[in-house]
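Letters A, B, ... are given to chains in the order of the sequence lines, protein chains preceding strands, and every chain is numbered from 1. What's counted below: heavy atoms across the whole structure, side chains too, no hydrogens, waters or symmetry copies.
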There are 2 protein chains.
Amino acid sequence: MILEAATKLASIEGVHGLTIGRLAEETGISKSGLYAHFGSKEQLQLEVIQAAGAIVEREVVLPALEEPEGLSRLEATIANFFSYVERLVFPGGCFFSSLLAEVDARPGPIHEVVAAGQKQASAEWVGLVREAQASGELNRKADADQIGFELEAAMTQSNYLYVLYGDPVALERGRQAVRRILGAAKPKPKKR
Amino acid sequence: MILEAATKLASIEGVHGLTIGRLAEETGISKSGLYAHFGSKEQLQLEVIQAAGAIVEREVVLPALEEPEGLSRLEATIANFFSYVERLVFPGGCFFSSLLAEVDARPGPIHEVVAAGQKQASAEWVGLVREAQASGELNRKADADQIGFELEAAMTQSNYLYVLYGDPVALERGRQAVRRILGAAKPKPKKR
DNA sequence: CCTACCGATCGGTAGG
DNA sequence: CCTACCGATCGGTAGG
């Protein structure tokens with residue numbers, strides 16, 4: 001419950017903008033009580049990132065596993081992402097989009113964790129694309145890494161603009177971009 | 001010169017992470033000397049944003065005006081953006097990509113300035129697309145707003161991943177995405 | 001532009 | 001988990 005409050009604060013102010021004092025206020029626990037739990041601010045930041053990862057897993061990744069492997073699972077995961085942004089599961093929008101922009105230029109252990117996590121997330125998107133290629137629903141000759149990049153770009157941009165303007169049209173543009181990207185990767189129907 | 005140092009600091013730490021003390025250290029001017037210039041931290045932040053805007057104008061927008069209106073000017077502006085990121089004109093990458101992510105969820109005067117600036121930047125991209133449509137180099141029936149969104153998405157994502165990993169392949173993915181977006185918007189050649 | 005200073009808050013610790 | 005406290009730094013001001 002401490003970590004949930006911390007993820008919400010950090011999604012708005014960033015993991016560096018998050019302070020132990022503010023978190024103490026928010027949770028009603030004293031600062032030194034929080035130090036008893038986390039030991040240091042950096043440890044708190046790392047645990048917050050981990051907790052946010054579990055929330056994204058629960059909101060975006062896992063529910064899509066009910067869909068059969070292939071294009072429908074890929075599309076369901078994407079739909080879950082847009083819904084997760086739209087419902088403001090984190091008040092600052094997608095936690096990891098914000099985090100990436102915050103720490104990309106700041107060296108240190110958090111940078112390493114985020115770079116590794118981003119690499120894994122990208123690999124998961126590419127994996128979903130490849131599954132849709134394996135089932136023949138997407139062209140096997142398409143560049144899965146490139147498609148993964150373009151899908152992430154559309155989702156990320158939607159997230160930022162939606163949070164900035166509060167206007168769902170940003171989400172609609174992202175969904176439309178996704179349709180265009182996947183549409184272009186569909187195999188040409190064979191003439192018969 | 002003070003503002004240039006400040007834009008560099010802010011591109012890494014953010015405009016909220018920027019402190020008068022750090023800037024005093026960096027420039028050799030005393031804190032109260034800086035207050036004599038800017039009056040308050042918020043005023044400094046606003047002037048830093050304006051100074052960064054002038055740099056982007058100089059690096060990305062203006063040089064492309066030598067190209068003729070239409071597709072070549074659009075493509076030149078995009079190429080200038082990628083170059084501006086690649087050369088790390090700001091050590092944290094594109095100043096406004098970072099800024100957008102930093103302030104999108106924080107209400108206040110800076111949020112308003114950034115939202116207005118982002119709206120204008122988007123309108124400029126869409127304007128360049130429309131010019132390429134007017135010259136017949138892009139399909140007149142294409143959705144210019146949607147294309148603008150997708151172009152910005154590709155550029156933004158490239159910026160974040162390039163700064164995070166330091167790997168130019170992120171830029172290559174963005175350039176490839178741009179080619180795909182513009183390629184799909186080119187008019188079908190008439191049969192003759 | 002400076003020195004000198006303000007109260008508030010930062011991350012963190014002692015001792016319980 | 002708490003109270004009480006530490007030195008450092010924050011944004012900002014007085015007075016020159």
[atom1] of [X] versus [atom2] of [N]: gap in Å, rounded?
{"X": "His16(B)", "N": "dG11(D)", "atom1": "NE2", "atom2": "P", "value": "11 Å"}
{"X": "Glu13(A)", "N": "dC10(C)", "atom1": "CD", "atom2": "P", "value": "11 Å"}
{"X": "Tyr35(A)", "N": "dG15(C)", "atom1": "OH", "atom2": "P", "value": "18 Å"}
{"X": "Phe38(B)", "N": "dT13(D)", "atom1": "CZ", "atom2": "P", "value": "16 Å"}
{"X": "Leu23(B)", "N": "dT9(D)", "atom1": "CG", "atom2": "P", "value": "16 Å"}
{"X": "Ile29(A)", "N": "dC2(D)", "atom1": "CD1", "atom2": "P", "value": "7 Å"}
{"X": "Ile20(A)", "N": "dC10(C)", "atom1": "CD1", "atom2": "C1'", "value": "10 Å"}
{"X": "Glu42(B)", "N": "dC10(D)", "atom1": "CD", "atom2": "P", "value": "18 Å"}

Side chain of His37(A) - closest among dG11(D), dG12(C), dC1(D): dC1(D)

Among dC10(D), dC10(C), dG12(C), the nucleotide that comes nearest once only the side chain of Thr19(A) is considered: dC10(C)

So, Glu131(B) and Ser135(B): side-chain donor and acceptor under 3.5 Å apart, yes or no?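 No - no donor-acceptor pair under 3.5 Å links their side chains.
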
Please determine if a side-chain N or O atom of Ser32(B) lies less than 4.0 Å away from the OP1 or OP2 oxygen of dC2(C). no

Is there a side-chain contact between Ser30(B) and the phosphate of dC2(C), meaning an N or O under 4.0 Å from OP1 or OP2? yes

Is there a Watson-Crick or G-U wobble partner for dA8(D) with both distances under 3.5 Å, and if so, which one is it?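 dT9(C) - that is the nucleotide pairing with dA8(D), both distances being under 3.5 Å.
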
Who does dG15(C) pair with, Watson-Crick or G-U, both distances under 3.5 Å? dC2(D)

Checking side chain to side chain contact (heavy atoms under 4.5 Å, CB included) between Leu44(A) and each of Val15(A), Ile49(A), Leu23(A), Leu34(A), which is the one that passes?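 Result: among Val15(A), Ile49(A), Leu23(A), Leu34(A), Leu23(A) is the only option passing the side chain to side chain contact (heavy atoms under 4.5 Å, CB included) with Leu44(A).
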
Hey, does Leu18(A) reach any base, or is it just sugar-phosphate, or nothing, if we go heavy atoms under 4.0 Å? sugar-phosphate

Counting the atoms with a prime plus P, OP1 and OP2 as sugar-phosphate, which does Leu34(B) contact under 4.0 Å by heavy atoms, base, sugar-phosphate, or nothing? nothing

Are Arg180(A) and Asp143(B) close enough for a salt bridge, meaning some N to O gap below 4.0 Å?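 Salt bridge flag = no for Asp143(B) with Arg180(A).
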
Validation row, ring centre Tyr84(B) to ring centre Phe95(B) under 6.0 Å: no

Please evaluate the base of dG12(C) for a donor-acceptor partner in the side chain of Lys41(A) within a cut-off of under 3.5 Å?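 Side chain to base: no pair below 3.5 Å.
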
Mapping Arg22(A) and Gly39(A) to their closest nucleotides on DNA chain C, which lands nearer the 5' end? Arg22(A)

Cation over ring, Lys119(A) on Tyr165(B), under 6.0 Å and within 45°?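 Checked: cation-pi criterion met.
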
